[in-house]
> 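Got a structure here, written out as structure tokens. Questions coming.
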Amino acid sequence: MGLFNRRKTVFVDSDILVIGGGMGGCGATYESRYWGRDLKIVCVEKANIERSGAVAQGLYAINCYMGMQWGENQPEDHVRYARNDLMGLVREDLGYDIARHVDSTVHKFEEWGLPMIRDPETGRYQREGKWQIMIHGESYKPIVAEAARKAATEIYNRIMITHLLMDSTKPNRVGGAVGFNVRTGDFYVFRAKAVIVAAGGASHIFKPRAVGEGMGRTWYAPWSSASAYALPIQVGAKMTQMENRIVLTRFKDGYGPVGAYFLHLHTYTENAYGENYEAYWRDSIEALVGDYVNHTPVPTCLRNHALLEEVKAGRGPIRMVTKEAFKDPHKETIGWENFLGMTIGQAVVWASQNIDPKEINPELTTSEPYVMGSHATCSGAWTSGPEDYAPADYQWGYNRMMTIDGLFGAGDTVGGTAHKFSSGSFTEGRIAAKAAVKYVNDMGKDQPQVSEAEYEDLKKTVYKPLETYRVGRNEIVGGSVSPSYILPIHGLQRLEKIMDEYCAGISSHYTTNEPLLTRGIELLTMLKEDLEHLGAEDLHQVQRSWELQHRVLASECVTQHTLFRKETRWPGYYYRADHAKLDDKDWHCFTLSSYDQKTGDWAMEKAPVHHIID
Ligand SMILES: Cc1cc2nc3c(=O)[nH]c(=O)nc-3n(C[C@H](O)[C@H](O)[C@H](O)COP(=O)(O)OP(=O)(O)OC[C@H]3O[C@@H](n4cnc5c(N)ncnc54)[C@H](O)[C@@H]3O)c2cc1C
């Protein structure tokens, strides 16, 4: 008798199941209750919503706020901004939808107790930049989580969702999800009429700059393990723009954010010889991307590109000039507080490296790539748009519903909508929840059924790494190494190496081509075969096993998209050396993929980019 048979199965039925209790998930949970007073709303989270997700340790700024009450910006302005930053390719309908609602979300945060910083003269929220407002945000996540806790019927913490369940009576309709409690080991079957995936982005799919003893020090949260993508991909949902990974310019070794420094402290960068290098690269960038380099603000990827080229030319390191700004005691305080409220690690790194930014200009570097849908990049699921605004071919029923009936997304999960950040992700959760409630109400008695055979099979699959380890440990040859299994950490390092070397990571200066990508896909296929032999010595390692499975599937998707798009659309994020230039004639479009779990095949297609706003 297998070990898995001894595990208890817990059944949870709900109207709406929210997977992931981060910003998007808390927004979805909160709003589901508003529109669905009598519905059963369940939120399931692999950590604890109190401090989970990318906002866990707090933020110093809310990066998406229009300020419509003061006439500061209009939603159309934000769409233009995001479109420019993403080199022309965004879902304008989705972006507009978030922008028109995001201010009300921020006002709720303040009402719930989030301390906002106000301009002493105008009384308005203190702007850090055109879109950013400053907050005392150490407790941002607990405040948002409290609203979700009060709204939910039940919150299940410490349960990692591994697979979605499909309706056994109707094709292409979701029926729930399965997962396991990472502490007790109980198996959970969630049956739901609608499912909202809000499970964050993906770190650790590319080899990070910090390895070995520094492993885990990444820009994006190390626990963001690509479930937001893998769960929909597994069941065949269409994905978009998965090639559009993000590379961040950050303070070296601590990934401290640079936004407040540039925008609020008015610091600037220079090369090792004190020269302004950005202007130097302008003409060569224009040769690659045309007029996009003349846009204001210069798209994020192009600013990365100038930094990368300067370093390749041997004139690094690039430094942020802080010495001038830090002479002003007010700016010095802001500079340090910026880290203490959000990236304490950067302050510790500077202390340990004898860097006082008043005396020494600190180094900047570019990060390894990440995949996410809410920052200055827009990978994720292809979803239906708002009824009153989306063009006909972006609409198939309910707002933020994926190409699977009843399956919705928010935050990093949803593709095509960059620059939503924390407030926009919460807002998108609210938008998805409103539509999901309507979907559930419209459903009537025609409810999904899940097959017992399916979830029993999944139960065996989920705990298989424990079985594999129990058998394989008898053959341990040294330490924890056995010829009969692969440990999650080994699989992770193999994945990171493949993605780094073949799919444009740091070691190849973010450069790839068709032969490299083709070989990368072959190596990922072999890795997937070996994941059948994952071994887990305890529940923690079972969680690591499933995080790895999700990362590998998302990585495969990224690689397929990178192969499909035959151009270099975002120099500074990645380069297709065999198609070195931006090609608006053939590639001013979205890339879409869908995965067939039975055959392992990917189908790729293009979708038009509709420009709704002038
Ligand atoms: C380093 C960094 C700095 C940032 N700075 C800012 C800033 O200054 N201002 C700003 O406005 N925004 C900022 N952002 C962006 C903001 O944090 C994100 O946009 C936002 O958190 C995305 O929301 P989400 O719900 O998609 O993901 P998250 O908030 O990350 O939530 C995802 C949740 O899903 C859970 N989960 C994952 N997998 C599973 C699974 N399989 N089963 C169950 N649960 C699962 C996770 O534990 C997590 O709680 C920053 C992000 C990062 C990474």
Side-chain angles (χ1 to χ4, degrees), residues 17-29 43-65 102 105-106 109 128-129 131-135 137 140-141 144-145 148 156-164 177-180 182 188 190 196-203 218-231 246 248 250 255-257 259-260 338 341-343 345-346 367 370 372-377 380 409-414 417-429 432 543 546-547 549-551:
L17 174 68
V18 179
I19 300 176
M23 291 307 289
C26 286
T29 307
C43 175
V44 54
E45 161 62 49
K46 74 173 176 178
N48 185 319
I49 68 162
E50 189 74 5
R51 282 275 175 195
S52 68
V55 180
Q57 65 175 340
L59 295 179
Y60 194 68
I62 288 176
N63 284 353
C64 183
Y65 180 72
V102 73
T105 289
V106 173
F109 292 161
E128 180 186 271
W131 307 104
Q132 302 83 352
I133 52 172
M134 298 172 79
I135 57 173
Y140 190 6
K141 186 65 207 300
V144 166
Y156 288 85
N157 286 316
R158 305 282 171 209
I159 293 172
M160 178 174 180
I161 296 299
T162 56
H163 301 81
L164 294 176
V178 299
F180 68 102
V182 302
Y188 276 77
F190 294 94
I196 303 173
V197 177
S203 63
T218 49
W219 169 77
Y220 202 27
W223 49 82
S224 294
S225 53
S227 301
Y229 310 118
L231 294 170
I246 188 169
L248 295 300
R250 287 292 179 267
Y255 294 93
N338 185 236
M342 151 162 98
T343 318
Q346 184 66 58
S367 73
Y370 303 90
M372 60 189 300
S374 72
H375 215 276
T377 178
D412 282 333
T413 309
V414 172
T417 51
H419 289 280
K420 49 197 166 196
F421 294 99
S422 61
S423 48
S425 296
F426 189 95
T427 305
E428 194 167 48
Q543 179 177 1
W546 284 103
E547 289 176 343
Q549 294 273 11
H550 289 179
R551 283 185 163 112

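In each ligand, atom 1 is the first atom listed, and ligand 1 is the first ligand listed. Quick note: residue numbers are just sequence positions, from 1.
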> Of all the atoms in ligand 1, which lie at a distance below 4.0 Å from a heavy atom belonging to Met160?
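By the 4.0 Å cutoff, the relevant atoms are 41 (N), 42 (N).
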> Check ring-ring contact (aromatic ring centres under 6.0 Å, His included) between Trp131 and all other residues, then give those that pass, not counting sequence neighbours.
His78, Tyr81
> Please confirm whether Tyr60 approaches ligand 1 to less than 4.0 Å, judged on its heavy atoms.
no
> Any nitrogen or oxygen of Leu59, main chain or side chain, under 3.5 Å from a nitrogen or oxygen of ligand 1?
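For ligand 1, there is no N or O atom that lies under 3.5 Å from one belonging to Leu59.
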> Under a 3.5 Å cutoff, is there a donor and acceptor pairing between the side chains of Ser227 and Lys46?
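Lys46 and Ser227 do not have a side-chain donor-acceptor pair below 3.5 Å.
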> What atoms of ligand 1 come closer than 4.0 angstrom to any heavy atom of Gly411?
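Listed by number with element: 26 (O).
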> Using a 4.0 Å heavy-atom threshold (strictly under), name the region of Ile62 that reaches ligand 1: side chain, backbone, both or neither.
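Under 4.0 Å from ligand 1, Ile62 contributes backbone atoms alone.
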> Any side-chain to backbone donor/acceptor pair from Ser374 onto Ser425? Under 3.5 Å, distance only.
no
> Distance under 4.0 Å to a non-hydrogen atom of Asp412: what atoms of ligand 1 satisfy this?
22 (C), 26 (O), 27 (O)
> Do any heavy atoms of Ala61 fall under 4.0 Å from ligand 1?
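Under 4.0 Å: yes for Ala61.
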> Is the shortest N/O to N/O distance between Ile161 and ligand 1 below 3.5 Å?
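It does: an N or O of Ile161 is found under 3.5 Å from an N or O of ligand 1.
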> Which of the atoms of ligand 1 are close to Ala54, meaning less than 4.0 Å from one of its heavy atoms?
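Near Ala54, meaning under 4.0 Å from one of its heavy atoms, ligand 1 has 17 (O), 21 (O), 28 (P), 29 (O), 30 (O), 53 (C).
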> Which atoms of ligand 1 are found less than 4.0 Å from any heavy atom of Met23?
21 (O), 23 (O), 25 (O), 29 (O)
> Counting both backbone and side chain atoms, is some N or O of Lys46 under 3.5 Å from an N or O of ligand 1?
yes
> So is there a nitrogen or oxygen of Gly24 less than 3.5 Å from a nitrogen or oxygen in ligand 1?
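Gly24 vs ligand 1: N/O contact under 3.5 Å present.
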> Any nitrogen or oxygen of Ser52, main chain or side chain, under 3.5 Å from a nitrogen or oxygen of ligand 1?
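Between Ser52 and ligand 1, an N or O pair is found under 3.5 Å apart.
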> Cys64 to ligand 1: N or O pair under 3.5 Å?
no
> Number the atoms of ligand 1 from 1 as they appear, then name those within less than 4.0 Å of a heavy atom of Val55, with their elements.
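So the atoms of ligand 1 that pass are 17 (O), 21 (O).
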> Who pairs with Tyr220 by ring-ring contact (aromatic ring centres under 6.0 Å, His included), at least two apart in sequence or on another chain?
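Result, ring-ring contact (aromatic ring centres under 6.0 Å, His included) vs Tyr220: none returned.
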> Measuring from atom OH of Tyr65 to atom OG of Ser422, what distance do you get when rounded to the nearest 0.5 angstrom?
13.5 Å
> Any heavy atom of Ile159 closer to ligand 1 than 4.0 angstrom?
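Within the 4.0 Å threshold, so yes.
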> For ligand 1, which atoms, with element, lie under 4.0 Å from some heavy atom of Ser374?
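Counting from 1, the qualifying ligand atoms are 18 (C), 19 (O), 22 (C).
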> Taking N or O atoms only and a 3.5 Å limit, does Trp219 qualify as a polar contact for ligand 1?
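Looking only at distances, the answer is no, because the N/O contact criterion of under 3.5 Å is not met.
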> Is it true that the side chains of Thr105 and Thr427 contain a donor and an acceptor less than 3.5 Å apart?
yes
> Report the part of Ser422 (side chain from C-beta onward, or backbone N, CA, C, O) that has a heavy atom under 4.0 Å from ligand 1; answer both or neither where that applies.
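It is both parts that get close, each with some atom under 4.0 Å.
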> Note the single closest protein heavy atom to atom 46 (C) of ligand 1, along with its residue, its atom name and the distance in Å.
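So the nearest neighbour among protein heavy atoms is Glu45 OE2, 3.5 Å.
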